[in-house]
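To start, the structure itself, in structure tokens.
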Amino acid sequence: MKIKRKDLLTKVLPVSAGMVGLAYCKPAQQGGGENTNNPKIMWKLTSSFPRSLDTIYGGAEVMAEYVKKMTGGNFNIRVYPAGEIVPGLQAMDAVQNGSVEMAHTASYYFTGKSEALAFDTSVPFGLTSRQQNAWLYHGGGLELIRSIYSDFNIINFPGGNTGCQMGGWFRKEVNSVNDLKGLKMRIPGLGGKVMSALGVNVQVLAGGDIYPALERGAIDATEWVGPYDDEKLGFYKVAKNYYYPGWWEPGTTLSFLINKDAWNKLPEHYKAILEAACAYANIDMQAKYDAKNPAALQRMVKQGVKLRKFSDDIMKAAYKASTEMMEELASKDKTYKKVYESWKKFRGDESEWFKTAELTYANFSFLAK
Ligand code: CA
């Protein structure tokens with residue numbers, strides 16, 4: 001590699017000087033001489049989540065802690081909960097305009113900017129957590145999603161997963177599509193659109209407003225995440241029927257968004273460290289949910305919660321409505337079509353594979369006594 005004279009002076013020489021300093025002149029460094037190979041960098045990260053959701057919010061803290069450790073304390077990313085710098089749903093704008101360098105959020109909040117961003121998070125009857133990682137990391141998914149974010153001066157990394165969510169809390173049993181008609185349910189996003197196509201009266205409520213609405217009967221049902229998070233919000237106290245699966249969010253993936261100018265200014269090894277820390281946080285969140293959900297579910301069942309499976313009637317109607325909705329979006333939006341086609345092919349291949357060893361093993365082993 002040819003090194004320009006300017007680079008030799010600004011990049012190579014300080015490395016050698018630093019190494020010599022480390023070996024022979026350690027006390028002299030204690031005055032705080034800057035090591036240009038490991039520059040001090042301070043970033044702000046806005047999370048779209050409150051601190052109380054420790055598993056999701058904690059994903060950003062896990063990432064930041066590893067970045068700090070791996071850079072010997074030189075690269076610090078300070079995590080702010082939703083609302084301290086900007087409200088949760090403005091995370092993408094804040095990264096784009098540079099008011100923060102980074103965000104931890106879910107891309108499906110930003111389908112108003114590009115419908116195809118939903119595939120970065122989860123879509124009805126979409127990929128499971130493992131399949132989503134396979135598509136993003138090794139199936140061309142990340143490249144496709146990055147080409148969308150690139151128009152907003154953002155680079156994204158997968159940043160955690162909830163796994164397959166629960167279908168949520170219903171005051172009364174719903175056994176058929178007919179029972180859904182006129183039901184007032186809090187359910188956001190594409191899942192809400194599908195429910196609406198099935199006759200549900202879809203409500204949009206912020207996290208803190210759901211419990212009181214369910215308690216006083218202003219809504220008949222709500223979905224949230226899964227046992228560990230749902231238990232904290234207390235829905236089981238006022239709606240005893242806990243349905244599954246949350247077919248609208250089978251592998252909800254969180255995302256780290258980084259302002260591209262800030263990213264481009266990082267030394268190459270800081271970029272690698274940040275990428276590795278994001279990947280660690282991505283895996284760690286799913287592991288935490290998988291470790292914490294069973295006990296939370298058992299505690300709620302002891303409180304009288306009835307676990308109920310969505311009927312085939314509801315599942316089939318929802319699948320049909322979801323597919324029609326995605327085909328329609330693809331017919332209207334070129335970017336959506338491009339991502340949808342990659343995703344659809346990948347989903348088909350994954351289903352063929354997962355229905356062999358994984359499904360057969362799960363069907364036998366999860367039920368064995
Ligand atoms: Ca949900």
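Scope of the values below: all heavy atoms of this structure, side chains included, with no hydrogens, waters or symmetry mates. Numbering starts at 1 and runs along the sequence shown. Counting starts at 1 for both ligands and their atoms, following the listed order.
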Cluster companions of Phe354 among Ile, Leu, Val, Met, Phe, Trp, Tyr (side-chain spacing under 4.5 Å):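 Its cluster mates, by chain and number, are Trp353.
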Atom name in Glu223, limited to N/O/S, at shortest distance from the Ca ion (ligand 1):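 In Glu223, the heteroatom (N, O or S) nearest the Ca ion (ligand 1) is OE1.
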Do Asn153 and Asn259 touch side chain to side chain, with heavy atoms closer than 4.5 Å?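 Counting from C-beta outward, Asn153 and Asn259 do come under 4.5 Å.
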For residues Arg347 and Trp135, determine if any side-chain heavy atom of one lies less than 4.5 Å from a side-chain heavy atom of the other.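 Result no, sub-4.5 Å side-chain heavy-atom pair not found.
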Need one value: angle at the Ca ion (ligand 1), Trp224 atom O versus Glu249 atom OE2, rounded to 10 degrees.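 Vertex at the Ca ion (ligand 1): approximately 170°.
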The Ca ion (ligand 1) to Gln165: any N/O/S contact under 3.0 Å?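 Short answer: yes, at least one N, O or S atom is under the cut-off.
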Tell me whether Lys69 forms a cation-pi arrangement with Tyr66, defined as NZ or CZ under 6.0 Å from the six-membered ring centre and within 45 degrees of its axis.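 Yes, Lys69 and Tyr66 form such a contact.
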